[in-house]
Amino acid sequence: MNPILIRGGHLVDPAAHVDGRRDLLLADGKVAAVDMPGKIKHSAAEIIEAKGLVVAPGLVDIHVHLREPGQSYKETIATGTAAAAAGGFTTVCAMPNTVPVNDSPETTRWMQAPERGAAVRVFPIAAATRGSMGENLTEYGALKAAGAVAVTDDGKPILGDSVMRQALTAAARVNLPVIQHAEDTRLTGGCSMNAGALAFRLGLRGMPVQAESGLVERDIRVLSEIKDSRPHLHVAHLSTKAALDAVRRARRNGLRVTCEVTPHHFALNEEAIANYNTNAKMNPPLRAEADREAMIEGIIDGSIECIATDHAPHALHEKEQEFERAPNGITGLETALGLSIAILHVRHKLPLSRVIALLSSQPAAVLNLKGRGTLAVGSVADVVIFDPQKQWTFRALQSKSRSKNTPFEGWTLQGKIARTISEGRMVYGG
Ligand code: DOR
Ligand code: ZN
């Protein structure tokens, strides 16, 4: 692995408070030097000219479904991480709703083995309960030792108060966050979209906002009742204003609650499924316009600290069914940065450094991923280089993912990735 010198770029490293022209030297998989343009000399380094480009920490996605083990017809760790690299991500955290469910140290280690052919770093998130059945806790200490960075039953919620209390307590003991997919499934049986007038018009059963906010409120209550430790609750793919308000209140009360929002929940509202487009069907569903706007507000005011894709590949034959039968989920790794820049930075004037923080340093902090999400000297040599001005058209056929289930086909996005470097290796572009 040769040293790499990235010259003349505009470095945006929110965690290190850098937002200006800098050169960057990568060596031995680490950031070796950061300095003013022209200051770093290295005769043996490979040179990357980054004039006019932004150089940022490799993006960190704490919510992806890579489908291995067990569903490699949808995605593999190799294809999913190739899509990650193409989208500027150098770290992805893989959800446990695989086949079998990742509830063991063995599967957790298997997912990280070199044989999987990952292009970027994969950190597994292990199941919080055995088989994600919501009953008996898995072994958090052993899972953490095997490389798991959080526990969750994502795809399914932990419904029982007592199991949630046990999960938060046990996870706090080994300093792991509990990630909740907040959906009170007692209110969402047979539902395939958001509840409201549009569901009525389409003749589909709708999931009420309260199915999300009610469970977030329940989780916060359980969290507040645990007095002898300080557990960390992370709310996955937040989609409603009511749930966001609950998170805000909890934080004001000093509780350790974090949350993420997906690009699709700030880019789209429920109208995207008005023609029964199964490529816009996901869980949580696209919501009303007021909820979409609330997600943007929550990002802008800092209540939401991460953007996570919930990259959820499904095969064409699965999505080409009646709306109610089609599986939930859309791909997201290759559209996240372009949507975030186009919508948050260009349309809503959020500074680019904040967009980058939402996609790198903040998610890394939420899951305590040391040395990632920053380009300070000594950090992991994970870098994305992109043209922040360049508009481009997203084409699913060109995607590196094995699946093409996206509602963003043909969209004009802004911010074109030139290169992605993972642990000092060029994994995309060039
Ligand atoms: O849309 C979704 N897709 N939501 C989930 O909770 C699960 C995910 C998947 O695994 O496909
Ligand atoms: Zn989920």
Side-chain angles (χ1 to χ4, degrees), residues 12-19 56-57 59-63 177 179-182 194 209-210 212-217 219-221 223-224 230 232-270 284-310 332 336-368 373-374 388 414-415:
V12 180
D13 182 1
H17 308 287
V18 179
D19 191 346
L59 308 182
V60 176
D61 190 348
I62 62 173
H63 193 144
I179 303 178
Q180 176 76 299
H181 167 120
N194 183 44
V209 159
Q210 293 79 5
E212 178 172 281
S213 61
L215 203 57
V216 171
E217 281 162 13
D219 289 345
I220 288 168
R221 175 174 58 73
L223 188 69
S224 72
R230 203 157 176 275
H232 175 183
L233 170 72
H234 179 75
V235 183
H237 43 51
L238 196 96
S239 67
T240 62
K241 178 175 191 307
L244 176 58
D245 286 341
V247 168
R248 288 182 172 121
R249 280 195 300 276
R251 262 208 226 124
R252 274 201 299 275
N253 292 332
L255 295 171
R256 203 165 159 202
V257 182
T258 54
C259 64
E260 68 194 29
V261 67
T262 68
H264 44 276
H265 287 112
F266 68 72
L268 298 172
N269 65 29
E270 60 189 350
L286 296 173
R287 301 286 186 179
E289 177 61 9
D291 282 317
R292 187 192 71 82
E293 286 166 358
M295 296 304 104
I296 303 247
E297 259 170 50
I299 289 172
I300 291 174
D301 74 16
S303 308
I304 295 169
E305 52 268 277
C306 325
I307 296 172
T309 66
D310 196 5
L337 180 67
L339 286 167
S340 300
I341 293 178
I343 296 171
L344 302 175
H345 177 56
V346 178
R347 197 183 305 164
H348 288 278
K349 311 291 175 230
L350 190 69
L352 190 61
S353 62
R354 291 215 35 220
V355 174
I356 291 175
L358 283 154
L359 284 159
S360 60
S361 53
Q362 290 172 190
V366 162
L367 291 194
N368 205 14
T374 175
Q414 184 162 335

Can you tell me if Glu305 uses its side chain to pair, donor with acceptor, with the backbone of Cys259 under 3.5 Å?
yes
With a 4.5 Å cut-off on side-chain heavy atoms, are Asp61 and Pro363 touching?
no
So how far is it from Leu255 CG to Arg230 CZ, rounded to the nearest 0.5 Å?
7.5 Å
How long is the gap from OG on Ser224 to CG on Leu233, to the nearest 0.5 Å?
11.0 Å
Nearest heavy-atom pair of Ile304 and Met295: which atoms, and what distance?
CD1-O, 3.6 Å
Do you know which two heavy atoms are closest between Gly373 and Asp13, and how far apart they sit?
O-OD1, 4.3 Å
His232 to Val366 - nearest heavy-atom pair and separation
CE1-O, 3.3 Å
Verify, without hydrogens or angle tests, whether His345 (side chain) and Pro388 (backbone) share a donor-acceptor contact under 3.5 angstrom.
no
Which atom pair, heavy atoms only, marks the closest approach of Ala364 to Val60?
N-CG1, 4.1 Å
Taking Thr240's backbone N and O only, do any of them form a donor-acceptor pair with Arg287's side chain (distance below 3.5 Å, no angle check)?
no
Do Ile343 and His348 make a side-chain contact, defined as non-hydrogen atoms from C-beta onward lying under 4.5 Å apart?
yes
State whether the side chain of Asp301 and the backbone N or O of Ser303 hold a donor-acceptor pair below 3.5 Å, judged by distance alone.
yes
Report yes or no: does Arg354 contribute a side-chain atom to a donor-acceptor pair with the main-chain N or O of Ile299 at less than 3.5 Å?
yes
Check ion pair Glu217-Arg249 (N to O, under 4.0 angstrom):
yes
Got a second to check how far Ile341's CD1 is from Leu337's CG, nearest 0.5 Å?
4.0 Å
Where Asp291 and Ser239 come nearest, the two heavy atoms and their spacing:
CB-O, 3.6 Å
Within this structure, what is the OG-CG distance for the pair Ser353 and Asp19, rounded to the nearest 0.5 Å?
5.0 Å
If every non-hydrogen atom of Glu212 is compared with every non-hydrogen atom of Ala243, which pair is closest and at what distance?
OE2-CB, 3.5 Å
Are any non-hydrogen side-chain atoms of Leu286 and His265 less than 4.5 angstrom apart?
yes
Decide yes or no for Asn194 and Pro285: does some side-chain heavy atom of the first lie under 4.5 Å from some side-chain heavy atom of the second?
yes
Checking His264 side chain against Asn269 main chain: does a donor-acceptor pair fall under 3.5 Å?
no
Given the options Gln362, His234, Arg251, Thr258 meets side-chain hydrogen bond (donor to acceptor under 3.5 Å, both in side chains) only with His234
Is the backbone N or O of His237 less than 3.5 Å from a side-chain atom of Glu260, with the two atoms forming a donor-acceptor pair by type?
yes
For the CD atom of Gln180 and the CG atom of Leu238, what is their distance to the nearest 0.5 Å?
12.0 Å
CD1-CG distance between Ile62 and Leu359, expressed to the nearest 0.5 angstrom
11.0 Å
